[in-house]
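Read through the structure below, which is laid out as structure tokens, and then see the notes.
Note: hydrogens, waters and symmetry copies are ignored here, and every other heavy atom, side chains too, is used. All residue numbers in this chain count up from 1 along the given sequence.
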Amino acid sequence: MANVIVVGAQWGDEGKGKVVDIYTEFANEVVRYQGGNNAGHTLVVGNEKTILHLIPSGILHEAKRCIIGNGVVLDPKVFLQEIENLKKKGYLKDDSQLVVDGNIHIIMPYHKAIDIAREQNSGARKIGTTGRGIGPTYEDKIGRRGIRLADMVKPQVFARKLKELLPEKNFLLEKFLGQAPLDEAAIIEEYSGYASKIEKFIGNASIILNQSIAAGHNILFEGAQGSLLDVDHGTYPYVTSSSTIAGGACTGTGVGPRFINEVIGISKAYVTRVGEGPFPTELNDEMGEKLRQAGQEFGSTTGRPRRTGWFDAVALREAVRTNGMTGLAITKMDVLNDLETIKICTGYSYRGEFIEEFPRDLDILAECKPVYEEQEGWQTDISGASRFEELPVQARNYLKKLEEVAGCPVVLVSVGPRRDQTIQLRNPFA
């Protein structure tokens with residue numbers, strides 16, 4: 001038995017979907033534990049691409065139970081659309097394969113309206129949110145005024161809660177944000193339709209998962225976004241609104257930490273970031289654009305071009321420590337195929353001082369300049385390699401250097417988008 005958490009080790013978009021898809025082969029259950037449909041996981045099976053926003057990536061495997069834990073916030077419309085799209089492709093033939101925790105908080109129309117309006121009114125201080133209503137939903141959850149899935153499927157409870165909450169939301173929208181108010185009857189009609197379709201998927205994630213662990217099953221915990229976007233440990237306020245690090249898997253599912261065996265961090269062979277916030281190794285030049293085009297660095301949820309930069313070992317060491325990582329999965333190695341030399345940031349220079357640890361003070365971080373070491377590139381196509389020994393010596397040296405500067409062993413290497421373009425050095429479920 002093994003229970004494995006997969007987390008993003010950078011600012012998100014590291015390729016977690018592919019790694020989860022691969023590890024699902026060895027798991028009985030796959031559970032998503034935080035975030036909302038502001039995250040997108042892209043999977044390529046054969047030549048078919050599937051993008052998922054809420055449902056765990058393991059859904060592409062038959063006979064694997066997929067669970068959306070209480071730590072997630074759910075847009076019911078997006079969830080139902082995702083189910084419909086999966087069924088059209090021949091997946092999710094058995095609805096019992098998918099479970100949604102009843103304690104999950106629901107994204108309401110006013111959450112999205114407030115999210116968009118706030119961002120529009122923020123000017124230069126904008127965070128760079130996706131406008132999906134994720135942050136405002138988490139605000140209401142922490143403020144104890146949220147509506148949960150278990151409430152939504154009870155017509156009287158849902159109507160009562162909406163009646164209590166909507167006047168305040170409309171006041172904020174109209175009087176402060178300058179937006180049109182929302183209609184109570186229209187919301188009830190829309191969400192009642194969602195409730196009748198979603199009710200059959202409701203379950204208790206904590207009970208299901210703990211029973212599975214007691215039965216000796218393997219559990220795969222799937223995170224969204226990245227460690228540096230964690231609401232507590234990330235580059236606040238330029239973060240998401242949930243706990244993206246490994247600890248969030250326990251609070252987001254109701255599984256105790258003593259049952260976790262491995263934490264695998266996913267990191268690109270370079271770095272990307274979407275939205276605002278500090279990015280010490282960012283490349284605003286021809287090389288940055290080359291990485292963006294070669295890696296097709298455009299958001300799977302928003303289509304926004306991602307900011308690109310060289311590998312940042314300082315930021316990665318922060319993620320290794322806060323997650324207690326036991327292994328690294330390095331993705332998109334093939335994007336670097338044509339480069340003569342590759343840079344790795346091993347430290348920062350701040351006012352003449354060499355810094356090896358990631359600063360929490362954003363004013364200090366904004367002044368930090370990357371200190372680079374150069375590695376020789378391999379300048380050949382590695383997408384057909386199936387074993388570590390088949391990689392060019394320069395590629396192997398690059399991976400060994402990443403292990404050294406991160407202080408964590410590499411357990412998987414992705415050399416292309418397909419399932420079969422993967423080299424496993426160690427299976428965390430073995």
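- D21 and H61 share a side-chain donor-acceptor pair at under 3.5 Å.
- Ion pairing of K169 with E164 is absent here, as no side-chain N (NZ or NE/NH1/NH2) approaches a carboxylate O to less than 4.0 Å.
- Expressed to the nearest 0.5 Å, how far CD1 of I245 lies from CG of L228 amounts to 11.0 Å.
- A donor-acceptor contact shorter than 3.5 Å links the side chain of E222 to the backbone of S57.
- Side chains of F221 and R32 form no contact here, defined as non-hydrogen atoms less than 4.5 Å apart.
- Side chain of Y398 to backbone of A269: a donor-acceptor contact under 3.5 angstrom is found.
- For R418 and D420, the salt-bridge test passes: some basic side-chain N is under 4.0 Å from an acidic carboxylate O.
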After noting the C-alpha distance and the side-chain angles of R132 and H111, does the key distance pass the side chain to side chain donor-acceptor pair (under 3.5 Å) rule?
-> CA-CA 8 Å; R132 276 19 182 210; H111 291 135; over 6 Å; no

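- The shortest distance between side-chain heavy atoms of V405 and R317 falls below 4.5 Å.
- Taking CD of E82 as the reference point, atom CG of L52 lies at 5.0 Å (rounded to 0.5 Å).
- Judged purely by atom type and a 3.5 angstrom limit, N261 uses its side chain to pair as donor or acceptor with the backbone of N3.
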Residues C66, E29; criterion side-chain contact (heavy atoms from CB on, under 4.5 Å); working and verdict = CA-CA 6 Å; C66 291; E29 279 92 14; over 6 Å; no

Let me see the working for Q225 and Q34 under side chain to side chain donor-acceptor pair (under 3.5 Å), right down to the final yes or no.
-> CA-CA 9 Å; Q225 288 98 19; Q34 50 76 219; 3.3 Å; yes

Apply side-chain contact (heavy atoms from CB on, under 4.5 Å) to the pair I264 and E262, showing each step before the final yes or no.
-> CA-CA 6 Å; I264 306 300; E262 297 262 6; 4.1 Å; yes

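- Within 6.0 Å of the CZ atom in F26, the count of heavy atoms belonging to other residues, nucleotides or ligands exceeds 12.
- The neighbour count for K154 NZ, taken as heavy atoms of other residues, nucleotides or ligands under 6.0 Å away, does not exceed 12.
- Taking CG from L60 and OG1 from T24, the interatomic distance works out to 8.5 Å, rounded to the nearest 0.5 Å.
- By the 4.0 Å N-to-carboxylate-O rule, R292 lies too far from E282 to be salt-bridged with it.
- Under the 4.5 Å side-chain criterion, counting only non-hydrogen atoms from C-beta, E297 is in contact with Y270.
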List the steps and the verdict of salt bridge (charged side-chain N to carboxylate O under 4.0 Å, His left out) for R273 and D13.
-> CA-CA 8 Å; R273 178 166 194 169; D13 307 306; over 6 Å; no

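- For E62, the CD atom counts as loosely surrounded, since its 6.0 Å shell holds 12 or fewer non-hydrogen atoms of other residues, nucleotides or ligands.
- Side-chain contact between I68 and D101 is absent, with no heavy atoms from C-beta onward closer than 4.5 Å.
- Applying the 6.0 Å contact sphere to CZ of F176 captures no more than 12 heavy atoms from other residues, nucleotides or ligands.
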For F298 and R306, run side-chain contact (heavy atoms from CB on, under 4.5 Å): C-alpha distance rounded to whole Å, both residues' side-chain angles, the deciding distance at 0.1 Å, then the answer.
-> CA-CA 5 Å; F298 302 92; R306 296 173 184 143; 6.0 Å; no

Tell me, with the steps shown, if N323 and S227 meet side chain to side chain donor-acceptor pair (under 3.5 Å).
-> CA-CA 8 Å; N323 286 284; S227 299; 2.8 Å; yes

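- Residue V6 is tested with V263, V30, L220 for a side-chain contact (heavy atoms from CB on, under 4.5 Å); the sole match is L220.
- No option in T244, T235, T240, V239 other than T235 meets the side-chain contact (heavy atoms from CB on, under 4.5 Å) test with W11.
- We find that D312 and K268 are not joined by a salt bridge, their nearest charged nitrogen and carboxylate oxygen being 4.0 Å or further apart.
- Considering OG1 of T272 and CG of L291, their distance stands at 10.0 Å, rounded to 0.5 Å.
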For side chain to side chain donor-acceptor pair (under 3.5 Å), just list the numbers for D140 and H105, CA-CA rounded to whole Å, side-chain angles, deciding distance to a tenth of an Å, and then say yes or no.
-> CA-CA 9 Å; D140 279 355; H105 279 250; over 6 Å; no

Can you list the steps and then say if K332 with E14 is a salt bridge (charged side-chain N to carboxylate O under 4.0 Å, His left out)?
-> CA-CA 8 Å; K332 293 206 169 184; E14 303 95 345; over 6 Å; no

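- Counting only heavy atoms from C-beta outward, the side chains of I198 and V153 never approach each other to under 4.5 Å.
- Within 6.0 Å of the NZ atom in K89, the count of heavy atoms belonging to other residues, nucleotides or ligands exceeds 12.
- Open room surrounds NZ on K77; 12 or fewer heavy atoms of other groups in view lie less than 6.0 Å from it.
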Worked verdict on N337 versus I382 for side-chain contact (heavy atoms from CB on, under 4.5 Å) | CA-CA 7 Å; N337 279 347; I382 62 170; 3.2 Å; yes

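- We find the CD-CD1 distance between Q10 and I266 to be 10.0 Å, quoted to the nearest 0.5 Å.
- Contact check on K400 versus E403 returns no salt bridge, with no Lys/Arg side-chain nitrogen under 4.0 Å from an Asp/Glu carboxylate oxygen.
- L162 places a side-chain heavy atom less than 4.5 Å from the side chain of Y110.
- Checking side-chain atoms of N28 against main-chain N and O of N218 turns up a donor-acceptor pair under 3.5 Å.
- The heavy-atom pair separating N210 from G254 by the smallest distance is ND2-O, 3.1 Å.
- Under the 4.5 Å side-chain criterion, counting only non-hydrogen atoms from C-beta, L98 is in contact with F79.
- A salt bridge is absent between E84 and K87: the closest approach of a Lys/Arg side-chain nitrogen to an acidic carboxylate oxygen does not fall below 4.0 angstrom.
- Residues T422 and V413 have side chains not in contact (no heavy-atom distance under 4.5 Å, counting atoms from C-beta outward).
- The backbone N or O of V415 sits nowhere less than 3.5 Å from a side-chain atom of S383 that would complete a donor-acceptor pair.
- Looking only at atom types and distance, the side chain of N204 has no donor-acceptor partner in the side chain of S206 under 3.5 Å away.
- Separation of atoms OG (S267) and NZ (K16) is listed at 11.0 Å; rounding is to 0.5 Å.
- Using a distance-only test at 3.5 Å, with no hydrogens or angles considered, a donor-acceptor pair links the side chain of N70 to the main chain of T251.
- A salt bridge does not link R160 with D151: none of the charged nitrogens is closer than 4.0 Å to a carboxylate oxygen.
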